[in-house]
Q: 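Sharing a structure, written as structure tokens. Questions coming.
In the text below, chain A, chain B and the rest are named by the order of the sequence lines, each starting its count at 1. None of the values given here were measured: they were computed from a predicted structure.
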Protein chains: 2
Amino acid sequence: MSKSEVVELPVLDAGAVVPCCPPITAGELSQADAERMAAMFKALSDPVRLRLFSRVASHPGGEACVCDISDVGVSQPTVSHHLKKLREAGLLTSERRGTWVYYQVAPSVLAAMSAMLDLRT
Amino acid sequence: MSKSEVVELPVLDAGAVVPCCPPITAGELSQADAERMAAMFKALSDPVRLRLFSRVASHPGGEACVCDISDVGVSQPTVSHHLKKLREAGLLTSERRGTWVYYQVAPSVLAAMSAMLDLRT
DNA sequence: CGCCTATGTTGACACCCGTCGATACGGGTG
DNA sequence: CACCCGTATCGACGGGTGTCAACATAGGCG
């Protein structure tokens, strides 16, 4: 809490070459892998978070200002709450530039998700 | 409730050719699409459910008896509860054969998940 | 027919989660 | 410096969720 750094679940190592988990169809998941994958799916298991994530992901340049994506039908604190969840799950990163805060899709997130689903080629 | 048929969220139309939702990165998700995708992710957002699903998915023949997958560290009623959730989400189907009940991955589920992640080749 | 095994359902409990209003903080701008 | 705007945090509230023990149901078998 004293640090602004958030303790994140190791869902994704931002710079890692190896995806976080084996494909979901490749065999029985270990407890640890299941927990990592569950944390990621949990972060995407809310419609508001899903819309926020898709808005960031589909934004030109791969980043979006909070002010550009916050009209999702809930209050501003709630938007902030959901963005925090997505950050803590390792799906988004944020950066303050002057007055505004920009969110980006964390690198390798989509690749990691693909790996989970066994989508080679 | 009187019928054994469960009222399912329209996450996946089992026989549908068209996947349930547009790719997550293709643009801003509509409210309805976000809710469908969220329901699916929510079903996979629990480690126990994820392990059950992966055990069914990785089982030879694409189906597994409950008795073969229930040792995931929770009680039998809890296993049954999670399998029900996966059924209601449209991810698994079940079929009773004599004494045992077999679960299968619902057709097109993996394809639909792939579509969400925009994984064409 | 009565029992035994496999699976599902019920009810209770503790805990987590999404939401909001109020408030705090950070940083331009006049 | 004082104000205002954009964003984050706090505290509270209502509803949802995972878990279990107890019980119910279904089907095979003696």
Q: What is the distance from CD of B/Glu88 to C1' of D/dG18, rounded to the nearest Å?
A: 14 Å
Q: Could you check whether any side-chain N or O of B/Ser108 sits under 3.5 Å from a backbone N or O of B/Ala111, counting only pairs where one atom can act as donor and the other as acceptor?
A: no
Q: Nearest 0.5 Å please: distance from the CG atom of A/Leu50 over to the CZ atom of A/Arg55.
A: 12.0 Å
Q: Which of the following nucleotides, D/dA21, D/dG16, D/dC10, is nearest to the side chain of B/Lys42?
A: D/dG16
Q: Please answer whether the main-chain N or O of A/Arg51 pairs with a side-chain N or O of A/Arg49 as donor and acceptor at a distance below 3.5 Å.
A: no
Q: If you check the B/Trp100 side chain, which of C/dG8, D/dT7, C/dA6 turns out closest?
A: C/dA6
Q: With no angle test and no hydrogens, is the base of C/dA6 tied to the side chain of B/Gln76 by a donor-acceptor pair under 3.5 Å?
A: no
Q: What's the closest nucleotide to the side chain of B/Val48 if the choices are D/dA8, C/dT7, D/dT19?
A: D/dT19
Q: Categorize A/His82 for me: base, sugar-phosphate, or nothing, with a 4.0 angstrom heavy-atom threshold over every strand shown.
A: sugar-phosphate
Q: Closest approach to the side chain of B/Val74, judged atom by atom: which nucleotide of C/dG8, D/dT7, D/dC20 is it?
A: D/dC20
Q: Can you tell me how far C1' of C/dG26 sits from CZ of A/Arg96, to the nearest Å?
A: 5 Å
Q: Give a yes/no on whether any side-chain N or O of A/Tyr103 is located under 4.0 angstrom from OP1 or OP2 of D/dG6.
A: no
Q: Under 4.0 Å, counting only non-hydrogen atoms across every strand here, what does B/Tyr102 touch: a base, just sugar-phosphate, or nothing?
A: nothing
Q: Please determine, for C/dG30, whether a Watson-Crick or G-U wobble partner exists with both distances under 3.5 Å, and give it or none.
A: D/dC1
Q: With heavy atoms under 4.0 Å as the rule, sort A/Thr78 into base, sugar-phosphate or nothing.
A: base
Q: Figure out the CG/C1' separation between B/Asp71 and C/dA6, and round it to whole Å.
A: 15 Å
Q: Report yes if a side-chain nitrogen or oxygen of A/Lys85 is closer than 4.0 Å to either non-bridging phosphate oxygen (OP1 or OP2) of C/dG18; otherwise report no.
A: yes
Q: Find the distance A/Arg97:CZ to D/dG6:C1' and express it as a whole number of Å.
A: 15 Å
Q: Quick one: A/Leu52 CG to D/dA8 C1', roughly how many Å, whole number?
A: 15 Å
Q: Using atom CG of A/Asp68 as one end and atom P of D/dG6 as the other, report the distance to the nearest whole Å.
A: 11 Å
Q: Remember a base hit wins even if backbone is also touched, and classify B/Arg49 as base, sugar-phosphate or nothing at under 4.0 Å, heavy atoms.
A: sugar-phosphate
Q: Roughly how many Å is it from CG in A/Leu50 to P in C/dG18, rounded to a whole number?
A: 12 Å
Q: Return the value, rounded to whole Å, for the distance between atom CZ of A/Phe41 and atom C1' of C/dC17.
A: 20 Å
Q: Could you check whether any side-chain heavy atom of B/Val79 comes within less than 4.5 Å of a side-chain heavy atom of B/Leu83, counting everything from C-beta outward?
A: yes
Q: Could you give the distance from CG (A/Leu44) to NZ (A/Lys85), rounded to the nearest 0.5 Å?
A: 12.0 Å
Q: Within this structure, what is the CG-CD distance for the pair B/Asp68 and B/Glu63, rounded to the nearest 0.5 Å?
A: 10.0 Å
Q: Give B/Thr99 one of three labels, base, sugar-phosphate or nothing, depending on what nucleic acid heavy atoms sit under 4.0 Å from its own.
A: sugar-phosphate
